[in-house]
Amino acid sequence: MVADELLKDLNPAQKQVASTTEGPLLVLAGAGTGKTRCIIYRAGYLIATGCTRKENLLIVTFTNKAARELRQRLADTFNLASTNLWVGTFHSIFGKILRFEADHLPFTANYVIYDEKDQKNLVKKIIKELNIDAKRFKPQVVRSIISRQKNNLLKPEQFWEFNEYTPWSKEILKIYIRYQEYLQAQNALDFDDILMNMAYLLADNEAVRLKWQKKFRYIMIDEYQDTNYAQFEIIHHLAKDHQNICVVGDDDQAIYTWRGATIKNILNFESDYQNVIKIRLERNYRSHENILKLANSLISHNTSRHGKELYTDFKLPEKPHLTALDNEEGEALFVSELITEFYTTSKYAESAVLYRTNAQSRILEKILVQKNIPYRIFGGVNFYQRKEIKDILCYLRMTVNPEDLESVQRALLLSPGIGKSTLDKLALAAASQQCPIAQVILTGEFSFLGSRPAKLTTGFRQLWLDLLDASQNLSIYDLIWLVLEKTGLGALYGIDNKKDLKKKKAFADPEFQSKYENICELLNSASEFSQEYKQENDSEPDLAEYLASATLQTDLDTNDDAQDRVNLMTMHNAKGLEFDHIMIVGLEDGLLPHYRSIEEEDKVEEERRLLYVAITRARQTVHITLARWRRMSTGIDMTKPSRFIKEFDPEYLDVEHYDPHAYLTPSRPARTNHKPAARVVLESEKHFKIGQKIKHVNFGLGMILGVDGQGRDALLVIKFDDGPVKKIIGSYVDVIKK
DNA sequence: CCTCAATCACTTTTT
DNA sequence: GTGATTGAGG
């Protein structure tokens with residue numbers, strides 16, 4: 001049969017996945033077992049056998065990059081053009097559908113998406129407005145609580161069904177309510193609103209639900225272990241009638257529960273749908289045996305899991321390595337030496353350095369620059385969140401959606417001569433006229449301003465009107481040029497002539513140059529977006545779609561360039577990727593597991609999964625390193641080896657320079673040939689912190705209330721448990737470790 | 001009234 | 001080494 005011929009490149013389990021077309025299908029696919037392949041072949045099979053047409057297929061991936069690759073491979077393998085193919089992330093797909101269905105929703109098709117920074121600014125503004133103590137209510141914390149409510153589909157009116165009633169949570173609810181009012185007034189959604197609105201739309205509007213149920217006859221979800229409740233509900237609404245849903249995931253790779261993902265989705269799939277067929281993929285095609293055995297030995301320490309063992313026929317004598325270095329600089333040097341060594345047999349791009357926190361990348365960068373090794377760094381500040389880029393895009397945002405106050409404000413403040421007080425007056429005028437600020441500005445009546453600000457604001461109004469007008473007929477690319485020209489931002493960054501773009505020479509200031517390059521990149525990506533959009537949608541791109549895609553883009557999604565460079569990224573970003581050579585740095589308690597996670601066992605389990613993900617990215621070599629001393633925010637501390645090290649099966653690990661006992665006697669640092677990179681602060685000299693528990697020979701136990709100075713000479717204010725408050729010199733007390 | 005320079009605190013992971 | 005906030009000068 002022709003259909004079987006299609007699947008000849010798959011192994012039996014994969015073949016079963018691809019050819020099981022009807023009903024709910026749960027694929028438990030370990031790392032490197034070819035799950036992307038399965039998805040592609042299953043899609044190809046569904047279409048080739050006439051089960052469905054490509055426009056009735058929905059494929060949800062975890063990143064935009066994965067979506068792009070999937071499209072590419074569908075085109076290459078099955079000759080499927082990407083027009084009318086619904087492949088994308090939850091946010092991009094359902095963000096688009098919300099535009100279609102805006103008539104049923106409290107916002108328009110031109111809504112803008114607020115990124116995390118916009119969200120935080122808004123929360124901050126509300127906290128100020130409501131006169132709430134900003135010390136006890138940190139914008140970031142409040143933001144993430146609101147986010148959690150939305151991920152669990154809790155609107156403000158359901159807040160008390162799942163939250164304890166306390167004075168504190170009462171304030172949170174107040175902020176949440178106000179926050180939603182603001183978003184609505186500004187015709188804006190945050191990331192979580194996209195999911196929440198979609199879930200409620202499908203739940204509440206039967207006609208809409210039936211329409212999209214019919215549209216998406218076959219649904220596939222990748223990385224199902226990292227979906228949250230809102231995402232579960234959306235998919236459940238779409239799939240519950242036809243039940244043609246295939247989810248692919250690996251509970252051992254669930255690393256996003258902190259963002260609301262619930263492992264329950266994959267663990268309970270068999271009870272959420274009826275007659276589920278479950279297929280396991282355990283044969284790994286990526287790593288050789290020693291790497292898998294090491295990974296298996298680590299992950300077996302987790303208790304809540306489906307349980308599976310990856311295996312392979314691929315054997316090499318090479319074992320993963322564990323190496324201890326003196327400090328983070330030595331670690332970075334060691335890594336750079338490894339990279340140079342690997343470069344003799346494979347490209348730079350086949351090496352990746354993985355770390356737990358973005359901050360760890362700095363020292364690596366420094367050393368790589370020194371050694372002249374080209375690298376590419378992922379994460380950190382997202383391309384579209386960079387100041388110079390947001391500055392340009394805010395003009396486009398207020399053009400597509402004049403209600404977007406955040407952008408209007410940003411643009412106003414960018415205008416020379418317009419500052420905070422003009423802004424306040426505009427806001428005041430808007431309040432007294434009971435209309436949006438946008439309307440006040442666009443009306444052009446500024447008698448409440450002084451003559452200079454009034455003139456400048458009139459200029460701003462004219463610019464806005466010009467942009468509104470131009471947006472009707474200019475392409476996105478040309479529109480960005482218009483912004484650059486009219487706002488003076490182009491001149492500011494040395495981009496004043498379209499034709500000279502490439503001829504411009506390097507600028508003296510490297511920071512300036514990188515901004516210049518970023519703006520060029522923005523222009524490129526705008527025209528690329530237009531091209532791709534035409535191909536995929538058979539229609540002209542619109543500005544709102546462009547801005548949405550820009551906001552939903554992660555650093556990982558930006559196009560690969562042709563240059564051969566080493567990859568630097570967090571372990572989270574490494575998900576779904578693979579490299580010949582993996583280097584994992586900073587295997588220390590406090591970093592991995594991160595100190596914010598060590599108190600709760602299930603958080604430690606997630607950190608363990610993170611390390612598991614990192615190790616299983618490797619095809620050929622794994623090098624794990626740790627430093628004995630590391631510069632932390634408080635100073636240079638002696639580190640503690642990660643608890644995960646002793647969980648590794650030693651049979652599959654080559655250990656170098658690592659002596660666990662060296663850590664037990666901090667006063668006598670291990671003998672070393674390298675001299676320490678910086679002045680080392682001994683345990684006894686550590687900085688004292690307010691709130692620390694201490695012990696004094698005569699006065700007993702107490703807590704530090706105040707610190708003046710550093711180290712053993714610091715003057716401490718201590719409240720002793722049995723009453724007195726005393727001032728004591730640091731060298732007389734010992735810190736009590738938890 | 002606006003601008004810029006100095007000082008402050010903070011830094012897990014991200015769609 | 002980032003960013004936001006604050007204070008003095010223009």
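Here the structure is a predicted model, which means the values were calculated and not measured. Throughout, a chain's letter reflects where its sequence line sits, starting with A, and its residues are numbered from 1.
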So, OP1 or OP2 of B:dC1: does either fall under 4.0 Å of a side-chain N or O from A:Lys425? yes
With heavy atoms under 4.0 Å as the rule, sort A:Ser92 into base, sugar-phosphate or nothing. nothing
Nearest heavy atom decides the nucleotide; on that basis, is A:Pro453 or A:Ala359 closer to the 5' end of DNA chain B? A:Pro453
Looking for any heavy atom pair under 4.0 Å, which part of the strands does A:Lys124 touch: base, sugar-phosphate only, or nothing? sugar-phosphate
Using 4.0 Å as the upper bound for N to carboxylate O, is an ion pair formed by A:Glu223 and A:Lys35? yes
Any side-chain N or O of A:Thr570 under 4.0 Å from OP1/OP2 of B:dT14? yes
Residue mapping more 5' on DNA chain B - nearest nucleotide basis, A:Gly419 or A:Tyr256: A:Gly419
Work out how far the C1' atom of C:dA4 is from that of B:dT13, and round it to whole angstrom. 23 Å
Between B:dT11 and C:dT6, how far apart are the C1' atoms? Round to whole Å, please. 22 Å
Indicate, with a heavy-atom threshold strictly under 4.0 Å, whether A:Pro416 touches base, sugar-phosphate, or nothing. sugar-phosphate
Look at A:Asn358 and B:dT11 and indicate whether a side-chain polar atom (N or O) is within less than 4.0 Å of OP1 or OP2. no
Residues which pass salt bridge (Lys or Arg N to Asp or Glu O under 4.0 Å) with A:Asp404, listed by chain and number, not counting sequence neighbours: A:Arg397
Taking only side-chain nitrogens and oxygens of A:Ser597, does any of them come within less than 4.0 Å of OP1 or OP2 of B:dT12? no
Does the base of B:dT12 carry an N or O that pairs as donor and acceptor with the side chain of A:Arg596 under 3.5 Å? no
NZ/A:Lys125: more than 12 non-hydrogen atoms of other groups inside 6.0 Å: yes
Using chain A heavy atoms and a threshold of under 4.0 Å, write down where along DNA chain C the contacts begin and end, 5' to 3'. C:dG1 to C:dT5
Nucleotide of B:dT15, B:dT13, B:dT12 approaching A:His572 most closely (side-chain heavy atoms): B:dT13
Indicate, with a heavy-atom threshold strictly under 4.0 Å, whether A:Lys603 touches base, sugar-phosphate, or nothing. nothing
One should report the stems of DNA chain B, each a stretch of at least three consecutive Watson-Crick or G-U pairs at distances under 3.5 Å, as B:1-9 with C:2-10
